[in-house]
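Written out below as structure tokens is the structure these notes cover.
In what follows, chains are A, B, ... by sequence order, proteins preceding strands, each numbered from 1.
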Amino acid sequence: MSNLIHFSKAGFEKALENGGVVVVDFWATWCGPCKMIAPAIEKLADEYAGKAVVGKIDVDQEEDLAREFGIMSIPCVVILKDGAEYSRLVGARPYSSFAQALDEALS
Amino acid sequence: MYDILIVGGGPAGLSAAVAAQSRGKRCLVISNPWERNPLSKAPQIHNYLGMPGVTGREMMEQFQRHALDLGAELRVGRVLSAMALDGVFYLTVGSQVYEGRKLILAAGVQRGQKYPGEERLVGRGVSYCATCDGMLYRKRPVAVIGRAKDAPLEANYLQQIGCQVTYVSPTEPVGMDPRIPRVRANRLEILGEGSVTGLLADGAIIPCEGVFILRETVAPNDLFPDLAVEEGYLRVNRQMETNLPGVYAAGDCTGKPLQISKAVGEGLIAGEAAAEALEAQ
């Protein structure tokens, strides 16, 4: 069972209210690089289970959130700490980049 | 899942495919249409052993037929991004993802440098993928820098989904929607602090919120930033291995001489080495 969450707007806001570190991958079904990094994001969700909440937001389903976060290119992975943006990684990247950014947010 | 993914369908890539398919490995070659390979335009080739005077076109056709006859699969398209995870390589072409256990880079040399402002504004208005990011720019002004033959088609796509497109290129685009305005310019700079605000084209500013840069190939270093490079070429050993496990390189991308025989030889070694590594696993 995957630890990855498919966020709705309400679910995402709830996760932010709970505090801690939240990772969100902004993606779309028509985006090749988004599909490509999907296994890396899944792995992140599993490896960091209990330490961080990892989820995805479909920019077509949640246009308001995409606009709110100023998403201009996908995939875009945003790391939030206690409700505020801590860092973001744009474009396809190796798992190690995501893990390193997440480690920094958790330290 | 393929055994080997090969980026580039020139002499090196096809030679690698022939070598690996001969050893029973399943290969996918991803390449621009072969007519776009500079070799196919050579009127005559005089220094390839045993085939003096052959035309580039004949040679490319034979190379490709050889690889296909042995069962290699060919996908026409541009590799836009790549990832390695837990022993599997992932490559994207448009909205499709391909998986393989080994990777051979054989996409030739890339001409042309990055534009001022490009690196700084990637993901902040600079994009390399119309199908990925176009939707995020609907109803907004964007510039398309056309440095690939199929760039006009991508400009058409952006126009269709509702972007306000300006096409910028040094040469006349072929196949573009005539309603798209075109600016002829060569010296370009992408403007903006936090995000893109415009494109400086031969001294004139084109206001826009997005800049789509469409080149023929994505440099291997942009696919894998950790690839070791020496004097502009990928560093390889005698087995054509790069510094990244499971990633091989062959042909012009590894350095001079930029010759067909050398590319074919390196492709063979890379194909054999990748096949051997798979068998040893």
Assess whether side chain to side chain contact (heavy atoms under 4.5 Å, CB included) is satisfied between A:I41 and A:V23, documenting all intermediate values. CA-CA 9 Å; A:I41 302 300; A:V23 180; 5.8 Å; no

Leading residue by heavy atom contact count with chain B [cutoff under 4.5 Å; candidates A:A28, A:G32, A:A66]: A:G32

Counting heavy-atom pairs under 4.5 Å to chain B, which of A:S96, A:A40, A:G91 comes out on top? A:A40

Sequence neighbours left out, what pairs pass salt bridge (charged side-chain N to carboxylate O under 4.0 Å, His left out) with at least one residue falling in residues 144-168 of chain B? B:R78-B:D150, B:R78-B:E154

So the salt bridge (charged side-chain N to carboxylate O under 4.0 Å, His left out) pairs with at least one residue in residues 126-144 of chain B (sequence neighbours excluded) are B:R140-B:E209

Pair B:R26 + B:D3, salt bridge at N-O below 4.0 Å: no

May I ask you to say whether A:R67 pairs ionically with A:D64, meaning some side-chain N is under 4.0 Å from a carboxylate O? yes

For the residue pair A:D103 and A:Y48, confirm or rule out a side-chain donor-acceptor distance under 3.5 Å. yes

Go through the atoms of [X] and report whether side chain, backbone, both or neither lie under 4.5 Å from a heavy atom of chain A.
{"X": "B:Y137", "result": "side chain"}
{"X": "B:L91", "result": "backbone"}
{"X": "B:D86", "result": "side chain"}

Test side chain to side chain contact (heavy atoms under 4.5 Å, CB included) applied to B:I213 - qualifying residues, sequence neighbours left out: B:Y115, B:E118, B:V126, B:Y128, B:I145, B:I190, B:V211, B:R215

Need one label for A:A92: side chain, backbone, both or neither, based on atoms under 4.5 Å from any heavy atom in chain B. side chain

Closest heavy-atom contact between B:G134 and B:I161? C-CD1, 3.4 Å

Where is the tightest heavy-atom contact between B:C208 and B:L199, given as atom of each residue plus distance? SG-N, 3.9 Å

Using only non-hydrogen atoms and a strict under-4.5 angstrom cutoff, which residues of residues 68-79 of chain A touch chain B? A:I71, A:M72, A:S73, A:I74

